[in-house]
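Contents: one structure, followed by commentary.
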Amino acid sequence: MSQLSASRTGGIDVRATVKGVRDDIVTIQLLTDEQGDFYPIIKNELVHICPQRRADDERQEYLKAEVLRVRLGEADVQVFESTRGVAVGDPVEQTGDMLSVLLGPGLLGQVYDGLQNPLEVIASGHGYFLPRGLDVSGIDTSKKWAFQPRVSVGACVSGGDCLGVVQEGRFTHQIMVPFQLSGEAEVSWIQEGSFTVTTVVARLRSVSHRRNANSLQTDGLSAQDDVIEVSMMQRWPVRIPLSTPMLKSGRSQRCYPNVPLLTSIRLVDTFFPVAKGGTACIPGPFGAGKTVLQGLIARFSDVDIVIIVACGERAGEVVETITEFPNMPDPKGGTLMDRTIIICNTSSMPVAAREASIYTGLTLAEYYRQMGYNALLIADSTSRWAQAMRETSGRLEEIPGEEAFPAYLDSSVRALYERAGVIQNNAGQQGTLTMIGTVSPAGGNFEEPVTQSTLRAVKTFLGLSADRAYKRAYPAIDPLLSWSRYTDQVSGWYTSTLGDDWLLRVSEAQQWLRDAQAIEQMMQVTGEEGVTLEDYCTFLKAKFLDEVFLQQDAFDTVDASTPMSRQNEQLRLIQRVMDGLPAFDDKAAAQHYFMRITGLFKNLNYSAETSPDYATFKAQLFSK
């Protein structure tokens, strides 16, 4: 047993020291107490490594790290920042908390890194080359919010119940009883007015108060003599789903996703729906249009809150997102950034923080879902997240799996997507969290481990095709490769909203595409002369469907976003035109006819429904 004992140096409560450094993996040596026992440490605990070598501005740096593995007298931790200058013997401070995020008003419109450090605030104080070891609050603690109570003194409340509300932009932000509170508590005091997020706004009295065993957090509530003080801000560990305590106690319930997430993208909404509260993945090679597709989904989907996690993407793409979103008009009013949170960890940032960034985004999305809002999380990309896991696993010298990814890759991907879903909160309000992850397989190889693990976890697969992207088809989703397991789940909504024949019409259109694929393969061998006129018309029919319905113009103000009612009308028009095809004398006549109606229908797509042009083009479709 180590003969070292704990000490306090320069205001740091030292309970361990650095023993070895391997890039961002640091081995720490635990110290002993007066009885000679090692100080306790647990997996996923947050610690601070405090280099004795001071920064250029003589500031003591506190490098955040998370415990990955515990052994007798030692622990391996992953450091979320550069370990340059960290030396053997440097003191380590334990926090007693798990890696957590702050929850409260003031989150919307922020740009964070993977640890919820506000990048704009840090940049304004320290320049664009961010120093390490800073401790900056993820929520502005000086801003005041108008708190309005929703309960009275004497009311009995439980963890997750709404105590009051503040107005956060266009959203009514619920201030909830700390989630980790077990049992019931009585409101003994509550006040109304404008306060900062750290001001105590209510006091609860609980005889049976105890902390949840799954959480080490104490921020957000304090208990002295059974009095719990509640502010407008609380912490939650990112590795644990936020809804867990409410679901375990039965105060909240998980519901079945049965309503589609309408994205206004015809190919998705009509052929491969994503359920609201469901999961989807968008794999595709470089240059296939993932970024544009994500941007339109974020802008036009019928959700309240959008959270974008850029985990490991190139800095240029992330900068484009950060600069465009604040200026992009929101169809619901204002700018898109008013209801967006961006978590940004580029490929040039530390690997460990990249791995944590998705969990940070998930926890923030779960927070708004617990209020009853519909949240959308877009993770770009989970391949870079998995690569960060692979690097960390390699440095820990774990037994590798396929392509050197950790053996637990599959279970980690499943656990990630399982945090999406529909939750009915304590008040009976239904909130959803839809997760869409992009995958960037090398060379567009969908057989690689990350893509395959993702396909086993999600229920909608929107496979991007390099071939379609090369032909400038947007979206480049391959209609013969993609699939959705939500069709049956959301069929009730479609039939009640769009008619009993909707699924039948969609199935018929999909059959055109499958038939045309077989005919096209034959034509590649024999040429057009090798197929019959009837087969050639079937091929032209599918090509017409592809060009006027499956493809959209992302830069046209009308065609970029198609409401479900218009999608229904367009599909009916297409099938009406196909049912009324004239008899063709030869293939040249058939080709000329389809070229004419394709041009007319594209002009129809670019015309607003209320414009005179729309009626004109629609009438010309059926003229002889």
Side-chain angles (χ1 to χ4, degrees), residues 260-275 280 293 460-465 467-468 471 473-521 523 531 534-553 559 561-582 590-591 593-605 617-618 621-622:
L261 173 74
L262 302 180
T263 64
S264 80
I265 297 172
R266 295 189 289 263
L267 183 53
V268 177
D269 295 344
T270 297
F271 291 97
F272 311 110
V274 181
L293 181 58
T460 297
F461 169 63
L462 304 173
L464 297 179
S465 163
D467 199 33
R468 286 179 66 83
K471 295 175 182 176
Y474 174 82
I477 299 170
D478 191 331
L480 297 170
L481 182 68
S482 305
W483 45 259
S484 173
R485 298 197 187 104
Y486 287 118
T487 303
D488 291 338
Q489 286 184 218
V490 300
S491 60
W493 184 91
Y494 278 112
T495 53
S496 63
T497 307
L498 305 176
D500 295 336
D501 62 338
W502 169 260
L503 297 177
L504 213 61
R505 291 188 286 120
V506 171
S507 179
E508 181 185 358
Q510 288 175 319
Q511 190 60 48
W512 295 348
L513 299 172
R514 288 190 289 267
D515 292 343
Q517 183 188 34
I519 296 169
E520 185 178 17
Q521 290 171 350
M523 288 169 56
V531 298
E534 182 182 357
D535 285 347
Y536 189 66
C537 287
T538 301
F539 168 74
L540 292 177
K541 186 186 296 187
K543 186 180 178 183
F544 170 69
L545 174 68
D546 185 4
E547 293 185 359
V548 304
F549 193 81
L550 304 188
Q551 297 180 36
Q552 290 178 244
D553 188 340
D559 198 39
S561 171
T562 307
M564 203 65 223
S565 57
R566 179 159 176 164
Q567 292 184 40
N568 184 29
E569 182 182 358
Q570 286 178 321
L571 190 60
R572 288 187 183 278
L573 281 175
I574 290 171
Q575 289 169 323
R576 183 180 163 193
V577 169
M578 294 301 100
D579 290 341
L581 286 179
Q591 191 174 40
Y593 178 83
F594 274 96
M595 285 179 61
R596 184 182 73 85
I597 62 171
T598 298
L600 287 172
F601 214 104
K602 283 187 176 180
N603 288 331
L604 189 76
N605 288 343
F617 292 129
K618 184 176 177 180
L621 279 173
F622 303 101

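Any value given below was found using the heavy atoms of this structure, including those in side chains, with hydrogens, waters and symmetry copies removed. None of the values given here were measured: they were computed from a predicted structure.
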Specify the closest pair of heavy atoms between P479 and L267, including all atoms of both residues, with the distance to one decimal. CB-CD1, 4.3 Å
State the CD-CG distance between Q575 and L573, to the nearest 0.5 angstrom. 10.0 Å
Which atom of A516 lies closest to which atom of T538, heavy atoms considered: CB-O, 4.2 Å
Please answer whether the main-chain N or O of T598 pairs with a side-chain N or O of E547 as donor and acceptor at a distance below 3.5 Å. no
Spatial distance of atom CE (M578) from atom CH2 (W512) [nearest 0.5 Å]: 6.0 Å
Q570/L604 under side-chain contact (heavy atoms from CB on, under 4.5 Å): CA gap, chis, key distance, verdict: CA-CA 9 Å; Q570 286 178 321; L604 189 76; 5.6 Å; no
Nearest heavy-atom contact between T270 and M564 is OG1-CE, 4.0 Å
Compare every heavy atom of P475 with every heavy atom of Q551, then report the nearest pair and how far apart it is. CA-CD, 4.4 Å
Within the side chain of D478, is there an N or O that forms a donor-acceptor pair under 3.5 Å with the backbone of R468? no
Would you name the heavy atoms of P260 and W493 that are closest together and state the gap between them? CG-CE3, 3.5 Å
V577 side chain reached by I597 side chain, heavy atoms, under 4.5 Å: yes
Please examine the side chains of F539 and D535, heavy atoms only from C-beta on, and report whether any two atoms are closer than 4.5 Å. no
Any chance you could lay out the side-chain contact (heavy atoms from CB on, under 4.5 Å) test for R572 and D501, step after step, and finish with the verdict? CA-CA 10 Å; R572 288 187 183 278; D501 62 338; 3.3 Å; yes
Could you tell me whether the side chain of S482 and the main chain of G463 form a donor-acceptor pair under 3.5 Å? yes
Do any N or O atoms from the side chain of Q552 and from the backbone of D559 form a donor-acceptor pair under 3.5 angstrom? yes
Check whether any side-chain heavy atom of F544 lies under 4.5 Å from a side-chain heavy atom of K541, and answer yes or no. no
Check the orientation of F461 and W483. Use parallel for under 30°, tilted for 30 to 60°, and perpendicular for over 60°. tilted
Working for side-chain contact (heavy atoms from CB on, under 4.5 Å), residues T487 and V506: CA-CA 11 Å; T487 303; V506 171; over 6 Å; no
Can a donor-acceptor pair be found, under 3.5 Å and without considering hydrogens, that links the side chain of T495 to the backbone of G492? yes
Look up atom CG in L540 and atom CZ in F594, then write down how far apart they are to the nearest 0.5 Å. 5.5 Å
Please round to the nearest 0.5 Å and tell me the distance separating atom CG of N605 and atom CG of D553. 9.5 Å
Would you find a donor on one side and an acceptor on the other, under 3.5 Å apart, between the side chain of S507 and the backbone of L504? no
Which residues satisfy the salt bridge (Lys or Arg N to Asp or Glu O under 4.0 Å) test with E534, sequence neighbours excluded? none
Tell me whether R266 contacts the main-chain N or O of F549 through its side chain, where contact means a donor paired with an acceptor under 3.5 Å. yes
Please check if the side chain of T497 supplies one atom and the backbone of Y494 the other of a donor-acceptor pair under 3.5 Å. no
Treating T460 as the side-chain partner and P273 as the backbone partner, does any N or O pair qualify as donor plus acceptor under 3.5 Å? yes
Classify the side-chain pair R514/Q511 by whether it contains a donor and acceptor separated by less than 3.5 Å. yes
Is K471 salt-bridged to D546, going by a charged N under 4.0 Å from an acidic O? no
Minimal heavy-atom distance between F272 and L462, with the atoms involved, is CB-CD2, 3.8 Å
Can you tell me how far apart CD1 (I265) and OH (Y474) are? Round to the nearest 0.5 Å. 4.5 Å
Reported NZ-to-CZ distance for the pair K618 and F601, which is rounded to 0.5 angstrom: 9.5 Å
